[in-house]
2 protein chains.
Amino acid sequence: MSKSKRLLDLMMTVNRKRKFTVKELADEFNVSSRTILRDLQELGELGVPLYSEVGPHGGYQVLNERILPPIAFTEEEAVAIFFASHALRHYKYLPFKQESLSAQHKFYNYMSGDVRDRIDEMKNRIDFLTPVRQAEFPYLSLLLEAATGQKVLLIHYESKGQGKERWIQPVGIYAHNGLWYCPAYCFLRGDIRVFRCDRIRSAGYDESGPAARDLRHVHLGNKEGYSSHTGQGDESLVRMWVELGHGGVQACEAELWSSPLLHIRADGTGWLEGEIQKSDLGFFARFAIGLCDEATVQEPPELVAEVKRTLTGMLARYK
Amino acid sequence: MSKSKRLLDLMMTVNRKRKFTVKELADEFNVSSRTILRDLQELGELGVPLYSEVGPHGGYQVLNERILPPIAFTEEEAVAIFFASHALRHYKYLPFKQESLSAQHKFYNYMSGDVRDRIDEMKNRIDFLTPVRQAEFPYLSLLLEAATGQKVLLIHYESKGQGKERWIQPVGIYAHNGLWYCPAYCFLRGDIRVFRCDRIRSAGYDESGPAARDLRHVHLGNKEGYSSHTGQGDESLVRMWVELGHGGVQACEAELWSSPLLHIRADGTGWLEGEIQKSDLGFFARFAIGLCDEATVQEPPELVAEVKRTLTGMLARYK
DNA sequence: CTAACTATGACAATACCTGTCACTATCATA
DNA sequence: TATGATAGTGACAGGTATTGTCATAGTTAG
């Protein structure tokens with residue numbers, strides 16, 4: 001095997017195993033240790049951040065940087081990667097924000113002139129709009145770390161105007177419409193609740209808290225277990241039925257909570273039907289009103305009454 | 001310069017200039033043509049897709065694939081790139097959909113085991129939710145291509161129940177809340193309008209259409225020139241003033257059209273103020289009603305009347 | 001103290017790289 | 001049709017770079 005090829009192979013090998021000894025590689029490549037030493041030095045000069053420690057249990061290590069072996073990307077793929085990163089630029093808070101940007105810049109800089117031109121041409125021609133919120137989300141990384149690591153956090157959560165301390169074990173985080181949410185097991189409620197991340201006033205690990213539960217099987221992909229839009233509520237349920245016009249169906253498709261309730265007819269109209277918590281009546285009343293003549297509440301009577309009451313109140317303001 | 005280094009350099013060089021001759025490179029690297037020929041063959045064996053043509057104006061070319069030179073990515077950066085691509089997975093329609101996925105897979109495959117583990121751990125713990133719409137967006141790539149290339153398209157557009165043929169020159173495309181929009185110069189209206197891409201029933205280049213205008217300076221970054229939410233409307237303007245509660249401000253922040261109109265007070269409340277088209281009164285009435293007690297229309301009188309009329313109508317349905 | 005590591009230098013053998021030259025093949029274009 | 005620009009191949013000699021071996025030294029965990 002030629003030296004050039006060996007160097008490229010070596011590059012990949014040292015990245016695969018982050019820690020290794022010279023002898024190990026020498027055996028693997030069927031060359032002498034001396035050669036491997038020389039090769040490693042050369043790799044270092046080429047930019048691979050190697051670090052070595054002498055002594056027993058010593059050896060070589062690749063530092064936090066990793067060299068990607070040369071990958072054949074099509075031009076389209078390179079552009080796609082660039083725009084995937086570009087798509088997230090409206091997020092003011094993002095776990096990986098920094099890294100995403102620096103990776104994007106590296107990519108851009110390594111690309112040849114004509115691909116750059118294409119990207120420049122395109123980057124003002126395609127966009128993914130997300131509402132820019134004033135809310136602050138300082139704990140996203142921490143929440144994500146706690147979710148992957150199955151750890152318990154003590155948070156100070158502001159709910160309905162009052163702040164409360166709670167122990168939670170995050171399931172994950174998700175962004176929706178410019179806001180970040182965190183489904184988590186709440187030790188206070190003894191169930192999974194969805195928290196709005198901008199209402200988390202503080203968060204941190206707390207040794208004195210309850211022991212972590214095994215929630216590895218619960219993740220964002222199986223959130224049937226989550227409760228409704230607010231994460232609040234009690235156990236008293238009631239059946240709801242709301243008729244929807246064409247536009248009402250479209251509006252509901254944009255709502256996360258609606259998918260289990262939404263039924264669509266062939267002509268584009270549809271209806272919402274299902275059990276809801278009584279404490280959510282106010283929410284649904286407002287939602288139905290927001291759809292104007294595209295939604296008509298049929299059940300339950302309490303919801304009809306709430307809608308009528310709200311409408312009357314609104315009308316009164318304009319008298 | 002050692003051969004190994006030259007090969008790496010060569011890799012980058014042939015990617016920079018997609019087309020080149022052997023002599024060119026020989027001069028650039030100060031080696032003989034014979035050596036370059038040998039090097040190029042070796043590069044070919046290493047995976048660089050080279051193609052050559054003999055004769056005058058012949059030369060070497062790199063085929064559509066490009067090799068990225070080895071880039072040092074930190075682990076965090078690699079993860080960030082992965083999740084940028086991951087973030088777009090809820091988009092059923094996406095220009096670059098295929099490429100984004102294949103690039104993501106390549107990335108994933110080249111990463112070492114422990115980074116993969118980290119990604120696997122995380123990918124069900126972070127998400128970017130976008131409403132999944134039933135609407136179809138088959139012309140995104142075409143629209144984008146027309147926007148970057150300053151070309152005129154003939155589209156069949158469904159607006160208010162009726163279909164019309166129009167010549168448009170796209171400015172760009174953007175996704176918002178699960179739907180794709182396309183601001184474009186409309187030759188029918190003689191102005192820039194926003195089209196909903198799922199209502200474009202057909203699109204294609206048309207030689208018989210009007211000549212393209214020079215709209216290179218108009219792009220998504222300077223869309224002040226765009227008209228309101230619907231892209232429809234006439235020239236008669238009227239001043240609007242809507243008082244907003246705390247929640248009303250938050251709701252407005254999520255709307256694209258509101259930013260030039262929205263004013264926020266220190267206490268979190270605010271108001272909408274500005275000139276609007278009379279034809280949009282119905283839209284704003286519905287919007288204000290959707291905010292329930294979080295919005296109170298002050299001006300213009302027509303809007304107040306429209307709100308009252310709509311509210312009365314809604315209330316009537318529940319009598 | 002020892003074993004397991006890295007680290008460096010010197011040197012000889014040799015494998016590989018390089019340039020040169022000679023030749024062939026293809027193709028655009030004058 | 002002739003010509004020049006281009007790729008492509010093979011052979012060969014000279015030279016350089018690569019490699020393995022050996023010697024030696026430094027560091028550190030156990």
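Below, each value reflects all heavy atoms present in this structure, side chains not excepted, and no hydrogens, waters or symmetry copies. In the text below, chain A, chain B and the rest are named by the order of the sequence lines, each starting its count at 1.
Looking at A:Glu99 and A:Lys106, no side-chain N of the basic residue comes within less than 4.0 Å of a carboxylate O on the acidic one, giving no salt bridge. With salt bridges taken as basic N to acidic carboxylate O contacts below 4.0 Å, one links B:Arg18 and A:Glu75.
Protein atom CZ of B:Phe29 is 12 Å distant from nucleotide atom P of C:dT18, rounded to whole Å. Remark: P of C:dC17 and CE of A:Met1 are 13 Å apart, rounded to the nearest angstrom. Rounded to an integer number of Å, the gap from B:Ile36 CD1 to D:dT6 C1' is 15 Å. To the nearest angstrom, C1' of C:dA15 lies 14 Å from CZ of A:Arg38. For B:Glu42 and D:dG8, the CD to P distance is 16 Å, given to the nearest whole Å. As a whole-Å value, the separation of B:Asp39 CG from C:dC16 C1' is 13 Å. Atom CG of B:Leu37 is separated from atom P of C:dG19 by 12 Å (rounded to the nearest Å). Atom-to-atom, NE2 of A:His57 to C1' of C:dT2 comes out at 13 Å; the value is rounded to the nearest Å.
A cation-pi contact, defined as under 6.0 Å to the ring centre and within 45° of the axis, is absent between B:Arg193 and B:Tyr185.
In the set C:dT6, D:dG4, C:dA10, D:dG4 carries the atom at the smallest distance from any side-chain atom of B:Pro56. Listed nucleotides D:dA7, D:dT19, C:dT8 differ in distance to A:Lys3; the shortest reach to its side chain belongs to D:dT19. Comparing D:dG20, C:dT18, C:dC17 by their nearest atom to the side chain of A:Ser2 picks out C:dC17.
Phosphate proximity of C:dT6 to A:Ser52: absent, as no side-chain N or O sits under 4.0 Å from OP1 or OP2. The side chain of B:Ser32 contributes no N or O atom lying less than 4.0 Å from OP1 or OP2 of C:dT20. The side chain of A:Tyr60 contributes no N or O atom lying less than 4.0 Å from OP1 or OP2 of C:dA4. Taking side-chain N and O atoms only, A:Arg6 has a distance below 4.0 Å to OP1 or OP2 of D:dT19.
Contacts of B:Gly55 with the nucleic acid, taken as non-hydrogen atoms under 4.0 Å apart, include base atoms. Contact annotation for B:Gly58: no contact, since no heavy-atom pair falls under 4.0 Å across all strands.
Outside the 6.0 Å centre-distance limit, the rings of A:Phe83 and A:Phe128 are not counted as a close aromatic pair. Not less than 6.0 angstrom separates the ring centroid of B:Tyr181 from the ring centroid of B:Phe195.
Sequence order on DNA chain C of the closest nucleotides to A:Val54 and A:Ser4 puts A:Val54 first from the 5' end.
Counting distance only, with no hydrogens placed and no angle test, the side-chain atoms of B:Arg34 and the base atoms of D:dG8 include no donor-acceptor pair under 3.5 Å.
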